[in-house]
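Note sheet for the following structure.
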Amino acid sequence: MRYSEMFLPTGREVPSDAEVISHQLMIRAGMIRKLTSGIYTYLPLGYRVIRKLEQIIREEMDKAGAQEVHMSMVQPAELWQESGRWDHYGKELLRFRDRHDHEYCLGPTHEEVITSLVRNDIKTYRQLPRNLYQIQTKFRDEVRPRFGMMRCREFGMKDAYSFDVDEESAEKSYERMFNAYRNIFNRCGLKFRPVEADSGSIGGKYSHEFMVMADSGEDAMIVCEKCSYAANLEKAEVACPEKKIIYEDDWLPLEEINTPNARTIEEVSDFLKVNPQDIVKTLIFNGDGKPYAVLIQGYQEVNEIKVKNYLGVTDLELASDEMVEKVTGAPKGFAGPVNIKIPVLVDYSVIDMVNFVTGANKEDYHFKNVNIGRDFKVEAFTDLRFVKPEDHCPRCGGKIKFVRGIEVGHVFKLGTKYSKAMKATFLDKDGQEKIMIMGCYGIGIGRTVAAGIEQNHDENGIIWPMPLAPYHVIIIPVNVNEISLRETAEYLYNSMITEGIEVIFDDRDERAGVKFKDADLIGIPLRITVGRKDLAQGNVELKIRRTGENKLLSLEEAVSHVKGIIEEELNSNIT
RNA sequence: CGGGGCGUAGCGCAGCCUGGUAGCGCGCCUGCUUUGGGAGCAGGAUGUCGAGUGUUCAAAUCACUCCGCCCCGACCA
């Protein structure tokens with residue numbers, strides 16, 4: 001492509017609302033423009049990169065036995081009512097009515113549509129397993145879109161769905177996808193890591209997120225420095241501490257003490273002159289309308305996701321003030337486990353504690369010397385808190401490290417959540433009707449491109465890995481008004497096109513500096529400069545964007561040399 | 001949804017406090033010079049000052065309402 005004919009508005013300055021580097025560079029490099037909050041237009045350069053990524057995904061998905069389909073973005077409410085998500089998805093689901101007053105939504109994901117497709121056309125175990133995928137625009141009405149391509153409302157996603165006859169087979173499907181994802185991100189030249197993740201209300205023991213390491217990432221996770229354990233902070237387990245032997249002789253008599261206006265852990269610890277570690281926090285949660293008490297050591301924080309998963313409820317939130325008063329008989333801030341009439345869940349952090357402080361379920365009073373077993377009954381001891389930096393790896397006991405990442409992919413084992421609700425069944429060998437086991441697998445397209453930029457840039461701009469690069473080479477004649485330079489560049493350009501090389505010919509009548517800056521900014525991996533001095537010797541200059549390395553190539557060898565580098569880099573990560 | 005901030009030329013910003021008819025840099029257009037890392041000189045174009053209402057002789061500036069955008073938090077299959 002001739003630069004002079006391209007729609008490639010590059011810029012020196014960035015809009016003030018671009019916070020992260022990938023967002024700034026995508027705007028400066030003329031890849032994207034914002035239409036409105038969380039919604040972007042891809043310009044030609046940006047769209048080429050998107051298509052490169054999509055093509056890699058297609059190749060690897062096909063290799064893994066998946067087949068591409070294309071489902072509609074508009075989905076009827078009926079399907080969502082059938083799966084139960086019409087009521088549960090919340091405001092992220094953009095709903096609307098057509099002229100006949102029928103209800104629809106814009107698809108944030110496609111489990112319902114794919115399940116309805118498959119249940120009608122797959123009837124027997126002979127047709128299973130199957131894996132279908134699509135690359136589609138999704139819409140999620142995010143509360144707060146941010147970070148450019150990282151969290152959009154409208155965004156491209158590759159989503160795949162697998163259907164299997166049983167757990168064992170489903171596990172194989174999951175593994176195939178897991179491996180396909182590794183291949184995809186490897187080919188993109190990304191440094192990433194699969195981590196264990198929460199699977200949300202979907203349940204199932206398997207869920208991995210593919211995280212691209214980046215400080216600007218939205219997700220916090222922990223990685224073990226010793227073993228391979230890595231997990232999203234939401235999911236990261238805390239090992240059950242070894243239970244110390246508790247001597248009942250050490251128990252002091254329960255004591256009620258006046259603690260006027262001391263509600264928070266800090267206030268109570270200041271007032272009673274005790275460490276937060278000796279106080280037990282009692283939080284009242286509302287799980288699907290029922291109250292639960294969660295006990296945790298004062299310094300720790302409750303991970304609601306763990307509570308939610310433990311209880312198996314659909315909705316979990318901190319109880320309202322009214323609910324707290326109803327179940328504890330006291331205003332917020334004085335809840336405790338003694339004499340409470342709701343289930344009491346206790347985090348491992350409380351397991352060894354003796355003679356601790358809790359609320360007394362009475363305004364302005366706390367108990368001292370509370371002890372488990374004597375003063376209240378425990379429904380369950382389990383892991384309910386967030387990991388802290390001083391914790392150890394739950395697998396091997398090694399040191400853990402907190403890092404940040406961008407979630408570019410997620411593989412889920414869905415189980416029968418949708419197939420059961422929507423009756424996706426088949427007949428097995430024995431003529432028995434069975435429910436299909438499903439899995440779903442997503443990759444955020446725009447996000448992956450942004451992650452690629454986060455990991456591949458310098459102060460001059462983007463440095464595309466060859467497989468994602470919108471063009472492989474850019475040819476710059478230093479001065480187009482010098483006929484010999486222009487014609488040589490033109491000759492190289494035509495030769496490269498003949499060779500099938502994706503090339504930009506910067507034929508603009510601009511100063512060399514401007515063209516160099518633009519070439520660096522848009523991140524083209526290879527640059528051929530045609531200058532007077534070198535050309536006099538029959539040479540042109542090759543510059544490698546990533547390393548800054550320069551070398552002279554004779555006119556004759558230039559095209560084949562460049563082609564060799566491109567092919568090598570394109571194929572290097574294909575397995 | 002709670003807290004904070006912003007909205008003035010394509011982009012980045014000043015002007016607002018203290019009301020008097022809008023400016024700077026980059027970019028853009030024309031000409032000349034220049035030509036290996038975002039050139040120099042000269043000339044030029046570009047604004048319903050986010051919208052509405054009010055106060056005032058007079059509003060970018062003050063007040064109220066609305067809209068949009070951003071940040072922090074809450075939320076997030």
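Chain letters run A, B, ... following the sequence lines, proteins first and then strands; every chain starts at 1.
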For [N], give its Watson-Crick or G-U wobble partner with both distances under 3.5 Å, or none.
N	value
A58(B)	none
C75(B)	none
C26(B)	G10(B)
U65(B)	A51(B)
G31(B)	C41(B)

Between [M] and [N], how far apart are the [atom1] atoms? Round to whole Å, please.
N	M	atom1	result
A77(B)	C64(B)	P	40 Å
U46(B)	U65(B)	C1'	32 Å
G54(B)	U61(B)	P	14 Å
G23(B)	G31(B)	P	27 Å
A59(B)	U18(B)	C1'	14 Å
U48(B)	G2(B)	P	33 Å
G50(B)	G68(B)	C1'	7 Å
C76(B)	C24(B)	C1'	44 Å

Tell me whether Arg508(A) forms a cation-pi arrangement with Tyr3(A), defined as NZ or CZ under 6.0 Å from the six-membered ring centre and within 45 degrees of its axis.
yes
Would you mind reading off the distance between [X] atom [atom1] and [N] atom [atom2], rounded to a whole angstrom?
X	N	atom1	atom2	answer
Asn550(A)	G36(B)	CG	P	16 Å
Trp86(A)	A77(B)	CH2	P	18 Å
Leu521(A)	C11(B)	CG	P	18 Å
Gln24(A)	C71(B)	CD	C1'	14 Å
Leu43(A)	G10(B)	CG	P	17 Å
Arg140(A)	A77(B)	CZ	P	9 Å
Asp506(A)	G38(B)	CG	P	15 Å
Glu317(A)	C76(B)	CD	P	10 Å

Comparing nearest nucleotides in RNA chain B, the 5'-proximal residue of the pair Thr109(A), Phe147(A) is Phe147(A)
For Gly513(A) and Arg151(A), find the nucleotide of RNA chain B closest to each by heavy atoms; which residue's nucleotide sits nearer the 5' end?
Gly513(A)
So, for Tyr133(A) and His70(A), is the gap between ring centers shorter than 6.0 Å?
no
Examine Phe210(A) together with Phe178(A) and report whether their ring centres are nearer than 6.0 Å.
yes
Phosphate oxygens OP1/OP2 of [N]: is one of them under 4.0 Å from a side-chain N or O of [X]?
X	N	value
Ser16(A)	C13(B)	yes
Arg511(A)	A39(B)	yes
Arg144(A)	C72(B)	yes
Lys515(A)	U35(B)	no
Thr36(A)	C69(B)	yes

For the residue pair Asp458(A) and Ile463(A), establish whether any side-chain heavy-atom pair is separated by less than 4.5 Å.
yes
Which nucleotide, [options], lies nearest any side-chain atom of [X]?
X	options	value
Asp17(A)	C69(B), U35(B), C75(B)	C69(B)
Arg12(A)	A77(B), G27(B), G36(B)	G27(B)
Lys34(A)	G37(B), C69(B), G25(B)	C69(B)
Met157(A)	A77(B), G27(B), G37(B)	A77(B)
Arg527(A)	A77(B), U35(B), G36(B)	G36(B)
Val514(A)	A77(B), C76(B), A39(B)	A39(B)
Lys517(A)	C26(B), G36(B), G38(B)	G38(B)
Glu111(A)	G38(B), C71(B), A77(B)	A77(B)

With a 4.0 Å cut-off on heavy atoms, is [X] in touch with a base, just the backbone sugar-phosphate, or nothing at all?
X	value
Lys543(A)	base
Glu19(A)	sugar-phosphate
Arg28(A)	base
Asp520(A)	base
Glu13(A)	base
Asp534(A)	base

Using the side chain to side chain contact (heavy atoms under 4.5 Å, CB included) rule, take Met157(A) and Ile443(A) through it: C-alpha gap first, then chi angles, then the decisive distance, then the call.
CA-CA 6 Å; Met157(A) 180 168 166; Ile443(A) 292 179; 6.0 Å; no
Have a look at Val408(A) and tell me which of Val449(A), Val212(A), Ile445(A) forms a side chain to side chain contact (heavy atoms under 4.5 Å, CB included) with it.
Val212(A)
Would you say the side chain of Glu541(A) and the base of G36(B) hold a donor-acceptor pair, judged only by whether the two atoms sit under 3.5 Å apart?
yes
Run Tyr292(A) and Phe285(A) through ring-ring contact (aromatic ring centres under 6.0 Å, His included) and show every step you take.
CA-CA 5 Å; Tyr292(A) 298 91; Phe285(A) 281 95; 8.9 Å; no
Gap between atom OG1 of Thr448(A) and atom NZ of Lys158(A) - 0.5 Å precision
10.5 Å
What do you reckon, is CD1 of Ile483(A) surrounded by more than 12 foreign heavy atoms closer than 6.0 Å?
no
